[in-house]
Amino acid sequence: MVSLTSARGRLRLPVAASRTRSTTRALGALGALLTVTVALAGCSASADATGKADAAATGDAAPAPRLRIAAAGSLALSVPLTGLAESPEVARLTDGVATTQVATPDAFRALLTSGRADVATLPTLAAANLANRGVGVRLLGVVDADLVKVIGPAGAKGWPALRGKTVHVPFKGDAADVTFRDLAQRAGLTPDEDFTVRYATGLPELVGAVASGKAQFAVLPEHFATAARQQAPGGVEKTAEVLDLQDEWERTTGGAMLAQSAVIVRTEFATAHPELVKALRTHFARTGERLSSGQATDAELTALAKTSHAPEPLVSALLPALDVRFVEPGPARADITALLERALESAPRAVGGKLPGDGFYGD
């Protein structure tokens, strides 16, 4: 059972420090992170015949496509996709929706470069890297969520708590690693000198290391951070949220959104199906706002628990705290640029060595 308290309309674990998000946070009508890991799985749903007839009436010259989605299995990145196959606006423009949950950043890249996925949720840095390598992708938008945490023993708080310690991080060179290292340096700590960084090969592995006591300090996105704390020796009473990387990012940028998670579409697919792209953006925005405001149905909570592999009570408790918002590329562009420019300073290979061109931001 997760006990939560309210802070400015958000629900937080009682052991975590109270948190006030920047008033400049973008409120577009999802993100790792980000990097997230789950087992490969698939699900699909088909549009009905009436929906297809309506699609033809829109004047879209291209035939109704089967929408193929590569999705990260974290709770936050699952939110915008919830109910997509049942959406009337999407159903009338597609011949069904097939979703594959993807295990690693490399698997995302393989699906997109081979043309076996049309839409994907993945770290913004990885999306920019693909674009800079000549893969035809553009942003549908970014996911703003209270996502990435550093957890550790109870009583540990702030960057000084990491000095002399070992911090476990998922996926070397990926979004969480790059952002964490950047923020540590700006806080006056040198990774690999002032503290040791040890990498895990996947999020389940890292959660297991925390649960077994082998990893005391870890960088984890939600819902994995809370799950790890619950499973750690002594549970949440013996563990703490040491740092909230969203707070740290806003503090060092003057309030910019940490636009770390993106939803992208293959450029060829977007060009052929502009009405569908519009319908997807509308669905993502509405669903994120509705579920974050506590309006999730029992069926949606069950679906989110299945896709994120998180217990349903944890899903229900964390949704308001995550505060997932989908923001289109135009309103989010300054925040995205801030993220990419900072990554170029510290880890240019993660971005592909340069800022992506205007085509990356779509229309």
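What you see below is based on every heavy atom in this structure, not just the backbone, and it leaves out hydrogens, waters and symmetry mates.
Here the OG1 atom belonging to Thr253 is positioned 10.0 Å from the CG atom belonging to Leu339, to the nearest 0.5 angstrom. Atom CG of Asp146 and atom CG of Asp323 lie 7.5 Å apart (nearest 0.5 Å). Taken to the nearest 0.5 Å, the OG atom of Ser74 stands 11.5 Å off from the NE2 atom of His309. In this structure, CG in Asn132 is found 8.0 Å from CZ in Phe360, a value given to the nearest 0.5 Å. Separating the OG atom in Ser87 from the CZ atom in Phe284 is a distance of 10.0 Å, to the nearest 0.5 Å. In this structure, Leu301 CG and Asp298 CG are separated by 6.0 Å, a value rounded to the nearest 0.5 Å.
The pair Asp244-Lys149 meets the salt-bridge criterion, with a side-chain N (NZ, NE, NH1 or NH2) lying under 4.0 Å from an Asp/Glu carboxylate O. A salt bridge links Asp358 with Arg333; the closest basic N to acidic carboxylate O contact falls under 4.0 Å. A salt bridge between Arg109 and Asp174 is present, with a side-chain N of the basic residue lying under 4.0 Å from a carboxylate O of the acidic one. A salt bridge is defined here as a Lys NZ or Arg NE, NH1 or NH2 lying under 4.0 Å from an Asp or Glu carboxylate O, and Arg251 with Glu248 meets this definition. By the 4.0 Å N-to-carboxylate-O rule, Arg229 lies too far from Glu237 to be salt-bridged with it. Using a cut-off of 4.0 Å between Lys/Arg side-chain N and Asp/Glu carboxylate O, Arg163 and Asp194 are scored as salt-bridged.
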Review point. Are Arg186 and Glu345 close enough, and set up right, to give a salt bridge (Lys or Arg N to Asp or Glu O under 4.0 Å), and what steps lead you there?
Key: CA-CA 12 Å; Arg186 292 173 189 274; Glu345 293 178 18; 3.2 Å; yes

Practice item. Show your reasoning for whether side-chain contact (heavy atoms from CB on, under 4.5 Å) applies to Asn129 and Val351. Key: CA-CA 5 Å; Asn129 188 295; Val351 186; 5.9 Å; no

Check your understanding: What do the steps show when you test Glu300 against Arg290 for salt bridge (Lys or Arg N to Asp or Glu O under 4.0 Å), and what is the final call?
Key -> CA-CA 11 Å; Glu300 287 171 330; Arg290 182 172 59 80; 2.6 Å; yes

**Study point:** CA sep, side-chain torsions, deciding dist, call: Val79, Leu322, side-chain contact (heavy atoms from CB on, under 4.5 Å)
**Key:** CA-CA 10 Å; Val79 166; Leu322 287 173; 5.5 Å; no

Practice item. Might you work through the side-chain contact (heavy atoms from CB on, under 4.5 Å) test for Val167 and Thr196, ending with a clear yes or no? Key: CA-CA 6 Å; Val167 182; Thr196 300; over 6 Å; no

Review point. Given Thr166 and Val197, is the side-chain contact (heavy atoms from CB on, under 4.5 Å) satisfied, shown in steps?
Key: CA-CA 6 Å; Thr166 296; Val197 178; over 6 Å; no

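A donor-acceptor pair under 3.5 Å links the side-chain atoms of Thr287 to the main chain of His283, judged by distance alone. At least one donor-acceptor pair under 3.5 Å links the side chain of Lys157 to the backbone N or O of Glu241. Of the possible donor and acceptor atoms, one in the side chain of Thr282 sits under 3.5 Å from a partner among the backbone N and O of Lys278. Proximity of a side-chain donor or acceptor of Arg181 to a complementary backbone N or O of Ala176 within less than 3.5 Å is not detected. When atom types are taken as modelled, the side chain of Thr124 and the backbone of Gln260 share a donor-acceptor pair closer than 3.5 angstrom. Formation of a donor-acceptor pair under 3.5 Å by the His223 side chain with backbone atoms of Ser308 is found in this model. Side chain of Ser292 to main chain of Val324: a donor-acceptor pair is present (N/O by atom type, distance under 3.5 Å, no hydrogens or angles). In this structure, Gln246 contributes its side chain and Val148 its backbone to a donor-acceptor pair below 3.5 Å. Without hydrogens or angle criteria, Asp177 side chain to Lys172 main chain gives no donor-acceptor distance under 3.5 Å. For the pair Gln101 (side chain) and Thr307 (backbone), a donor-acceptor distance under 3.5 Å is present.
Smallest separation of non-hydrogen atoms from Ala240 and Ala156: CB-O, 4.1 Å. Summarising the geometry of Leu140 relative to Pro329, their closest heavy-atom pair is O-CD, 3.2 Å, with the distance given to 0.1 Å. Taking all atoms of both residues into account, the shortest heavy-atom contact from Val178 to Gly173 is CG2-O, 3.7 Å. The shortest heavy-atom contact between Leu77 and Ala72 is CD1-CB, 3.4 Å. Contact between Asp118 and Arg266 at its shortest, heavy atoms only, is OD1-NH2, 2.7 Å. The two atoms that bring Leu206 and Pro170 nearest to each other are CD2-CD, 3.8 Å, heavy atoms only.
The environment of Arg198 atom CZ is sparse: at most 12 non-hydrogen atoms of other residues, nucleotides or ligands sit within 6.0 angstrom. Other residues, nucleotides and ligands place no more than 12 heavy atoms under 6.0 Å from the CD atom of Glu268.
No donor-acceptor contact under 3.5 angstrom links the side chains of Thr337 and Glu341, judged on distance only. For the 3.5 Å distance criterion, the side chains of Thr226 and Glu222 qualify, holding a donor opposite an acceptor. If you check the side chains of Gln185 and Thr190, you find no donor sitting under 3.5 Å from an acceptor.
Residues His273 and Leu93 fail the side-chain proximity criterion, which asks for heavy atoms closer than 4.5 Å. Proximity of Leu314 to Leu75: side-chain heavy atoms (C-beta onward) are nowhere separated by under 4.5 Å. Counting only heavy atoms from C-beta outward, the side chains of Thr100 and Ile69 never approach each other to under 4.5 Å. In this structure the side chain of Leu162 reaches within 4.5 angstrom of the side chain of Leu243, judged on heavy atoms. Residues Val263 and Val142 fail the side-chain proximity criterion, which asks for heavy atoms closer than 4.5 Å. Using a 4.5 Å cut-off on side-chain heavy atoms (C-beta onward), Leu280 and Leu84 make contact. Looking at Leu130 and Thr113, their side chains come closer than 4.5 Å, going by heavy atoms from C-beta outward. Residues Arg325 and Glu289 are in side-chain contact: their nearest non-hydrogen atoms beyond the backbone lie under 4.5 Å apart.
For the pair Arg342 and Trp249, the cation-pi test (distance below 6.0 Å, angle within 45°) is passed.
The six-membered or imidazole ring of Phe217 lies away from that of Trp159, with a centre-to-centre distance of 6.0 Å or more. A centroid separation of less than 6.0 Å is found between the aromatic rings of Phe195 and Phe180.
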